[in-house]
Engineer: 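Before anything else, here's the structure in question.
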Amino acid sequence: MESSGAPPHLVRQIADLGAADVASAGGKAASLGELIRAGLRVPAGYVVTAGAFGLAMGALDPDGFLRDEISGLPADDLGAIGRAAARVRASITAAPLPPEVAAEITLAHDGLGALAVAVRSSATLEDSPEASFAGLQDTYLAVRGIDAVLDRVRSCWASLYNDESVAYRRRMGLPEQGLAMAVVIQRMLSTRAAGVMFTRSPVTGDRSVVAIEGTWGLGSALVAGEVTPDSFTVSKVTGEITGRRVGTKLRLHSFVPSEPGISAGAMPAGLRGRPCLTDDEARTLAQVARQVEEHFGSPQDIEWALLGDDPAHPPLHGETADRIMLLQSRPETVWAARDRSPVASPKPRASDHILSRLGKPL
């Protein structure tokens, strides 16, 4: 966190971040820093901080008129929300970055030395049992060249004002004042498989298992709903795989460093009905998930990637744990919210709970 009298950091290395940096680096970037502190593998990168966002917004909306307009919108007027949000997005994407922000991003990007990067939004509003901001802002994959990176940073900032994001904040009654967006920029990975895992069952809430979902190639196909993923349930107690299902994986997203952009096409026929993980890989992922949960002290929703050759070829040599990369970890919110809700309103006497069901006061 920056001291009140110091100028804000505009760019920081992910490896230097921790839980105390949510306000400046956003929840995604801060959690990535924590994963590194826990000794887990995370793609190298840097974050364009909320201070850079504030500098840019101060230049294009010095009186706060655009943001004040959003603060006054009724939650149920989706038409007005859409029009106001579009004006803010257009203003952000049309304005050049402040020169000092562009210079610091360029310096950090040169230091990263990546052919292509993933550019991902990192909102400073934290997920909680009452509110989850997952999927409300933008991510861009396989971005090449500093000019494209600078453009995608603006796009991520603008996505803070996507219609869905603004409508969600209005519905939740969240303030616009102090709202900011950081942007994570990381080396793009060539992945053999990718997906998500939960350190409690998303279906039953069982905390004794890790639930894993995955597909061949990049996880973007899963996020986009283009595949029915493979799923594995692994016992935290015994390490045994207690459940598995091979999904219908008809689409493949992949990244080849020598080729532009992301390749999206039909899944090769030989991979459609073949599980994207071996049993050893699934068990090792579950072990990593337990490490993440122990570090954060609560159930987690984790994005993972498994490095390796093209899916049609055998996996790379080496220990499975060395090929696992973590792309994000955030608190599990669905069952956490249920845990916080009382089963019944407190009654003066135990018998009153039974009688209240019968509709008969004692």
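Since the model is a prediction, treat every value here as computed from it, not as a measurement.
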Engineer: Under 3.5 Å, which donor-acceptor pairs link side chains of residues 288-295 to any protein atom two or more places apart or in another chain?
Structural biologist:
residue	atom	partner	partner atom	Å
Arg290	NH1	Lys236	O	2.7
Glu293	OE1	Lys236	NZ	2.8
Glu293	OE2	Thr199	OG1	2.9
Glu293	OE2	Lys236	NZ	3.2
His295	NE2	Glu34	O	3.3
His295	NE2	Glu34	OE1	2.6

Engineer: Who are the side-chain hydrogen bond (donor to acceptor under 3.5 Å, both in side chains) partners of Ser263, not counting sequence neighbours?
Structural biologist: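 Ser263 satisfies side-chain hydrogen bond (donor to acceptor under 3.5 Å, both in side chains) with no residue once adjacent residues are dropped.
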Engineer: Is it true that a side-chain atom of Arg187 and a backbone atom of Leu112 form a donor plus acceptor pair closer than 3.5 Å?
Structural biologist: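 Pair found, side chain donor or acceptor close to backbone of Leu112.
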Engineer: Applying a strict under-4.5 Å side-chain criterion to I, L, V, M, F, W and Y, I'd like to know whether Val11 and Leu55 cluster together.
Structural biologist: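 In one cluster with Val11: Leu55, yes.
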Engineer: Can you list everything that forms a side-chain hydrogen bond (donor to acceptor under 3.5 Å, both in side chains) with Ser254? Sequence neighbours excluded, please.
Structural biologist: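 Ser254 satisfies side-chain hydrogen bond (donor to acceptor under 3.5 Å, both in side chains) with no other residue.
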Engineer: Going by the rule side-chain contact (heavy atoms from CB on, under 4.5 Å), which residues pair with Ala80 if we only count those two or more places apart in sequence or in a different chain?
Structural biologist: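 Listed in chain order: Leu73, Asp77, Arg83.
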Engineer: Answer yes if Val48 and Leu160 sit in the same cluster of Ile, Leu, Val, Met, Phe, Trp and Tyr residues linked by side chain heavy atoms under 4.5 Å apart, and no otherwise.
Structural biologist: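 Yes, because Val48 and Leu160 connect within a single hydrophobic cluster, where side-chain heavy atoms sit under 4.5 Å apart.
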Engineer: Sequence neighbours left out, what passes salt bridge (Lys or Arg N to Asp or Glu O under 4.0 Å) with Arg154? Give chain and number order.
Structural biologist: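 Result, salt bridge (Lys or Arg N to Asp or Glu O under 4.0 Å) vs Arg154: Asp151.
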Engineer: Just wondering, do Ser31 and Gln300 contact through their side chains at under 4.5 Å, heavy atoms?
Structural biologist: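 They are not in side-chain contact.
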Engineer: Not counting sequence neighbours, which residues clear side-chain contact (heavy atoms from CB on, under 4.5 Å) with Ser208? List them please.
Structural biologist: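 Partners of Ser208 by the side-chain contact (heavy atoms from CB on, under 4.5 Å) criterion, ordered by chain and then number, come out as Asp206.
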Engineer: Run Ile324 and Glu281 through side-chain contact (heavy atoms from CB on, under 4.5 Å) and show every step you take.
Structural biologist: CA-CA 9 Å; Ile324 293 173; Glu281 288 166 346; over 6 Å; no
Engineer: Checking salt bridge (charged side-chain N to carboxylate O under 4.0 Å, His left out) for the pair Asp138/Arg152: CA distance, chi angles, key distance, verdict?
Structural biologist: CA-CA 9 Å; Asp138 290 355; Arg152 291 311 190 191; over 6 Å; no
Engineer: Taking atom types as modelled, find out whether Glu69 and Ser71 have a side-chain donor-acceptor pair closer than 3.5 angstrom.
Structural biologist: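 The criterion, which ignores hydrogens and geometry beyond distance, is not satisfied for Ser71 and Glu69.
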Engineer: Does anything in residues 26-56 pair up under ring pair (Phe, Tyr, Trp, His ring centres under 6.0 Å), and if so which pairs, sequence neighbours excluded?
Structural biologist: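 For residues 26-56: Phe53-Trp157.
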Engineer: Under the side-chain hydrogen bond (donor to acceptor under 3.5 Å, both in side chains) test, which residues partner Asp61, sequence neighbours left out?
Structural biologist: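 If we apply the side-chain hydrogen bond (donor to acceptor under 3.5 Å, both in side chains) test to Asp61, skipping adjacent residues, the hits are Arg67.
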Engineer: Testing the basics here: between Met188 and Ala142, what is the closest heavy-atom pair and its distance to 0.1 Å?
Structural biologist: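 Taking Met188 first and Ala142 second, the nearest heavy atoms are SD-N, 3.5 Å.
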Engineer: Keeping to residues at least two apart or across chains, list the ring pair (Phe, Tyr, Trp, His ring centres under 6.0 Å) pairs with something in residues 170-213.
Structural biologist: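 Listed once each, the pairs would be none.
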Engineer: Would you say the side chain of Leu327 lies within less than 4.5 Å of the side chain of Arg120, judging by non-hydrogen atoms?
Structural biologist: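 Of all side-chain heavy-atom pairs linking Leu327 with Arg120, at least one is under 4.5 Å.
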Engineer: Establish whether Ile302 and Leu17 are linked, either directly or via other cluster members, by ILVMFWY side-chain heavy-atom contacts under 4.5 Å.
Structural biologist: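 Hydrophobic grouping puts Ile302 with Leu17.
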Engineer: Can you sort out the partners of Thr248 under side-chain hydrogen bond (donor to acceptor under 3.5 Å, both in side chains), two or more places apart, ordered by chain and number?
Structural biologist: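 By the side-chain hydrogen bond (donor to acceptor under 3.5 Å, both in side chains) rule, Thr248 matches no residue at all.
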Engineer: Tell me whether the NZ or CZ atom of Arg169 lies within the 45° cone about the ring axis of Tyr161 and under 6.0 Å from its centre.
Structural biologist: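 Cation-pi check for Arg169 and Tyr161: passes.
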Engineer: Should Val42 and Val47 be regarded as members of a common hydrophobic cluster, given that ILVMFWY residues are connected when their side-chain heavy atoms come within less than 4.5 Å of each other, either directly or indirectly?
Structural biologist: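 Result: yes, single cluster for both.
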Engineer: With the side chain counted from C-beta on, respond yes when Ile185 and Val153 share a heavy-atom pair under 4.5 Å apart, and no when they do not.
Structural biologist: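 With C-beta onward as the side chain, the pair touches.
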Engineer: Test your reading of the model: is there a side-chain donor-acceptor pair from Lys28 to the backbone of Ser121, 3.5 Å cut-off?
Structural biologist: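 Such a contact is found between Lys28 side chain and Ser121 backbone.
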Engineer: Tell me the ring pair (Phe, Tyr, Trp, His ring centres under 6.0 Å) pairs involving residues 60-96, sequence neighbours left out?
Structural biologist: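 Passing the test, one end in residues 60-96: no pairs.
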Engineer: Partners of Arg144 by salt bridge (Lys or Arg N to Asp or Glu O under 4.0 Å), sequence neighbours excluded?
Structural biologist: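 Arg144: no salt bridge (Lys or Arg N to Asp or Glu O under 4.0 Å) contacts found.
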Engineer: Would you say Trp304's side chain and Leu326's backbone share a donor-acceptor pair under 3.5 angstrom?
Structural biologist: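 Not at all, since once roles are kept as given, no pair shorter than 3.5 Å links the two residues.
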